[in-house]
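Down below is the structure, laid out as C-alpha cells.
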Number of protein chains: 4
Amino acid sequence: MSARAQGSKKRTRIQVQNEQRIMDAALEVFSTYGYRGSTVDQIAQRAGLSKPNLLYYYAKKQDIYVAVLEHTLSDWLQPLTKLDPEGEPAEQLWNYIECKLELSRSAPKASRLFANEMLHGAHNIEPYLRGELKSLVEEKCGVIQVWIDAGKLKPIAPVHLLFMIWATTQHYADFDAQIKALCQDKREECFGKASTTLKTIFLDGLLP
Amino acid sequence: MSARAQGSKKRTRIQVQNEQRIMDAALEVFSTYGYRGSTVDQIAQRAGLSKPNLLYYYAKKQDIYVAVLEHTLSDWLQPLTKLDPEGEPAEQLWNYIECKLELSRSAPKASRLFANEMLHGAHNIEPYLRGELKSLVEEKCGVIQVWIDAGKLKPIAPVHLLFMIWATTQHYADFDAQIKALCQDKREECFGKASTTLKTIFLDGLLP
Amino acid sequence: MSARAQGSKKRTRIQVQNEQRIMDAALEVFSTYGYRGSTVDQIAQRAGLSKPNLLYYYAKKQDIYVAVLEHTLSDWLQPLTKLDPEGEPAEQLWNYIECKLELSRSAPKASRLFANEMLHGAHNIEPYLRGELKSLVEEKCGVIQVWIDAGKLKPIAPVHLLFMIWATTQHYADFDAQIKALCQDKREECFGKASTTLKTIFLDGLLP
Amino acid sequence: MSARAQGSKKRTRIQVQNEQRIMDAALEVFSTYGYRGSTVDQIAQRAGLSKPNLLYYYAKKQDIYVAVLEHTLSDWLQPLTKLDPEGEPAEQLWNYIECKLELSRSAPKASRLFANEMLHGAHNIEPYLRGELKSLVEEKCGVIQVWIDAGKLKPIAPVHLLFMIWATTQHYADFDAQIKALCQDKREECFGKASTTLKTIFLDGLLP
DNA sequence: AATGAATGAGTGTTCATTCAT
DNA sequence: CATGAATGAACACTCATTCAT
C-alpha cells in the first residue's frame, strides 16, 4: 500500500520527514524549470531519495506537483484573511500590500510556481480558484466595498484593486530577471524603493 | 544549406510565407505550453509543415523559440517609445497604461510568452534586456524624473512606476485563468472596470 | 541513477552479467560497422536488452564505444610486456610475433576495432596512446636497443621494428577481406604460410 | 538524363571539372570520417556545389563512394605493375617498397580510404579484388616464384611477401595517429628511419 | 546545369512509470 | 521502506533522397 493511499492514518517520523523533503525539493525544481521542464529524477536527487522511493510517496509526477501547489497556496492565501473590516482602510490595505511584497522577497519560488501554473491555464488548481479563493475574495471585496460606500476609499472595483496589489507585489518575484537587468540597486534597496513607490501610488496617486 | 544559414540574402516568397506561418504557430504553442512543454511536432503541425521541413527553416527548437521571442519583443517595446517628454505627464502616462492594457487584451499570447521566459530566468533574451530595453528604460525614466522635478508628479522612483504599469497591465493577460475564475464579468466589461480602476489609482490614489 | 554513475561501488550479479553481454555485443557490432555505422539498437538487440535498458548501463553511445575499446586494449597490450630482456633476442622477438599473429587469428574483431579507431584519428584513446602504451613502448625499445648495442641484432630503429611487427600481424585481421580474395588457401593453411614467411623475413631477410 | 547515365558520351568542361572536384572532396571526407560518418552535405560543401547538384552527377551516396574508390585504386595498383621480371630481385623489390612507402607519405588519405573499405568487408570492391587485382597479383607472384626458384630469394610464399610489403608501408598512413603518438621525430625523419629499417629487415633480416 | 523546398526513415537520448526483490 | 532493473513512448535532430522549377 502506498503512503498516499493510507489517507489520514498516522505517519511514521520518516514518512513525515521525507514528505517535507520532497515538498522542498519539488518547490525548488518546479519553480525553476516549470512542470514539463522538471524531471522526477531531479526532484528525487534534491530530496536525497531514489526515484522509486520518491514515487512511493507520490505515485505520479503530477501528484507531487499538485501537492506542492496546495502546500504553497495556503501560505499564499493567508495574508488576505487578515484584512480587518474593523480597521482603518488605509492602514489595513497598506499592511496587506507590505505583507505581500515581503512574501515576494522571502518566498519568490512559491510566487513563480504559482505564476507558472497560471500562465499554463491553472488546470491543476481550478477547484481551489473557484472554491476557497473565490469565497475569500468575495468576502474581502465586500469589506472593501463597505469602505468605499462609507466614503473612506475612492470608488474603484474592489476585485481589480486586489488584482493590482497581487500584480505589483508578485511582479518582484516573477519578473526578477528583468528587474535585475534594469535595476542596478542591491536587492534590499530595490525592495525599499518598491515599497515607497507602491505606498505613494496606491494611497495618494501620481498627481500632486 | 538551411534557409536560415543564408543570412541576409533575399528570401523566396515561399520562405517568407513559411517563416510567418512558423512564427504564428510557435507563438501559439510556446505561449500555451512553455518551451519544454512544446514539441517541434506540434509547431510543425500547426504551421502545416512536416517536422523536417520546419527544421529546414529553423535548425533547432531553440532557434524557433528565440526567433518568436524577438519578433514579439519589438512589438512589446514600441508603446514606451511614444512617451513624449513635451506632453502633459498625466495624459502621457495614462495613454501608455491604456495602450499596454489594450495589448494585454489583444495579444495575450505574446505577454504570456514573455512572462514565461522571465519566470525561467530570461536566459534567451538577456542581451535584449541589458541592451535595447535598458537604454529605452533609462531614457524614459529620465523623462519621468524631469516631470517629478518640475513638480508635475509625486516623487516616486521612475523605474518602479514602470514596473507597476507593466505588472498591472500584463497581469490581465498572464493571470487570465485566475481572473476568469474570480471575475464573472464578460471579457469586455472586465477590461473596462480594470481600465477605470487603474486610472483612478495611478492618477489619484485610493484615498479620497 | 545509472549503473555507471555509481563508480567503483560493488556491482550486482545482473550488472556484471549485462555489462559483459554489452561488451561482447558492442565489440561485434562496432568492429563490423565502425562507430558511426553502428546503432545503439543493434548493440542492444545483440545483447538481448532493450535500448533504454542498454543506456541504463552506459548512458551514451560513445560510452559503450570507449568502454569496449578500453576492454580490448589491455588484452592487446599484454603480449609486449612479456618481451624479456634476459632472453635471446631472436627467440623473444619471434615469440612476440607469433603471439601477435595468433591474436589476429583468434581475435580479429578486436584488431579491427582498434584499426578503425586509428584510421579515424584515435581521438577516443589518445590518453592511452600517449600514456600507458608510450611508456611500455619506450621501455621495450630500450631492451631492443640493448640487444642491438650488444651486436645481437642488426642496427635498426627499434620503434619501427615494432611498427613492422604490428603492421604485418594485424594485417591478417584487418585486411581479411583482401586476403580471402587473393589467397585460396584455407584459413589455417594461410596463417601457416604467413607464419613461416614472417619468420624467414624478420629473422633472415629475403636475400640468400 | 543524369550525367552518369550518359555513359561514355563526351562531357562538357564544367562536367569534367565538377566531377574532379567531387572526387577530391569525397576522398577528403570519406577517408576522414568513413562511409557512414560522411554526409552528402559535407562532400557537396567541400566541392563547392549544392547538394542536389552533387546528386545530379552521382545519384546516390554510394555511387560517389564507389567512384572515388575506383579512382584511387588504379593509382594504388600501378606501382606493382612495374615489378620487372628481367630486373634484379633485390633492386626490384626495394624499388617497389620505396614506391609504396612514398605513396603512404604523399597520399595517406587514399590509403585510409582503402583500409576503411577493407575493414568493413570490402563489399564495394570485391569485383575489383577478385578480378583485376587478383590477376596482377598472380602474375607478379609468378615472377617472385621464378626468382626464388632461381635461388635469388629465400624460399617464402610470394603472396605473403606482398602482404608484408603492403602492411608495413600502408601502416604509416593508416596508423598515423599511433605513430604520431609514439614517435617524436618529425614526419620526414620518421619516414627516413622507416625506410632504412624496412630495407634492412626485408633484405637482410634482423639477425647479424 | 542548378537550386530551393520537402520528406520518410531513422538515431541517439530522455523520462515517467512499473516490476521484482 | 527502499532500490536495482527494465521499458514504452516520446522527442529533438539528422540525412539520403526526391520533386518542382
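Proteins get letters first, then strands, A, B, ... in listed order; numbering begins at 1 in each. What you see below is based on every heavy atom in this structure, not just the backbone, and it leaves out hydrogens, waters and symmetry mates.
Remark: Gln15(C) is in phosphate contact with dA5(F), judged by side-chain N or O atoms under 4.0 Å from OP1 or OP2. For the OP1/OP2 pair of dA5(F) and a distance below 4.0 Å, the side-chain nitrogens and oxygens of Tyr56(C) include at least one atom meeting the criterion. Within the structure, every side-chain polar atom (N or O) of Asn53(C) is placed at least 4.0 Å from both OP1 and OP2 of dG4(F). Within the 4.0 Å cut-off from OP1 or OP2 of dC11(F), at least one side-chain nitrogen or oxygen of Arg36(A) is found. For Tyr57(A), a side-chain nitrogen or oxygen approaches OP1 or OP2 of dA2(F) to under 4.0 Å.
Mapping Gln62(C) and Gln62(A) onto DNA chain E by nearest heavy atom places Gln62(C) closer to the 5' end of the strand. The nearest heavy atom of DNA chain E to Thr39(C) and to Leu54(B) marks one nucleotide each, and the one closer to the 5' end goes with Leu54(B). Of the two residues near DNA chain F, Ser38(B) and Pro52(C), the one whose nearest nucleotide lies more 5' is Pro52(C).
Spacing between atom CD of Gln42(C) and atom P of dA9(E) amounts to 19 Å, rounded to whole angstrom units. Residue Gln45(A) contributes atom CD, which lies 13 Å from atom P of dT3(F) at whole-angstrom precision. As a whole-Å value, the separation of Tyr65(B) OH from dC11(F) P is 18 Å. Note: CD1 (Ile64(D)) to P (dC15(F)) measures 14 Å, nearest angstrom. Rounded to an integer number of Å, the gap from Tyr58(C) OH to dT14(E) P is 17 Å. Look at CG on Leu55(B): it is 12 Å from C1' on dC15(F), rounded to the nearest Å. Residue Lys61(D) contributes atom NZ, which lies 11 Å from atom C1' of dT14(F) at whole-angstrom precision. The distance between atom CD1 of Ile22(D) and atom C1' of dA2(E), rounded to the nearest whole Å, is 12 Å.
Of all nucleotides present, only dA6(E) satisfies the Watson-Crick or G-U wobble test against dT17(F), with each distance under 3.5 Å. In this structure dA1(E) sits in no base pair that meets the Watson-Crick or G-U test at under 3.5 Å. Pair assignment for dT11(E) gives dA12(F), based on Watson-Crick or G-U wobble hydrogen-bonding distances that are each under 3.5 Å.
Salt-bridge formation is not detected for the pair Asp174(C)/Arg112(C): no Lys NZ or Arg NE/NH1/NH2 atom is positioned less than 4.0 Å from an Asp or Glu carboxylate oxygen.
Judged by distance alone, with hydrogens and angles left aside, the side-chain atoms of Ser38(A) form a donor-acceptor pair with the main-chain N or O of Val29(A) at under 3.5 Å. A donor-acceptor pair under 3.5 Å is absent between the side-chain atoms of Lys51(D) and the main chain of Gln42(D), judged by distance alone.
Among the protein residues, Lys60(D) comes within range of the sugar-phosphate backbone only, with heavy atoms under 4.0 Å from sugar or phosphate atoms but none that close to a base. Across all strands, Arg13(C) comes closer than 4.0 Å to no nucleic acid atom at all (heavy-atom distances).
Between Tyr35(C) and Lys61(C) there is a side-chain heavy-atom pair separated by less than 4.5 Å. Taking 4.5 Å as the limit, every side-chain heavy atom of Asn18(B) sits out of range of all side-chain heavy atoms of Leu54(B).
With hydrogens and angles ignored, a donor-acceptor pair closer than 3.5 Å exists between the side chain of Lys51(A) and the base of dT17(E).
Ring orientation note: the planes of Tyr65(A) and Phe30(A) are nearly perpendicular, at an angle over 60° on the 30°/60° scale.
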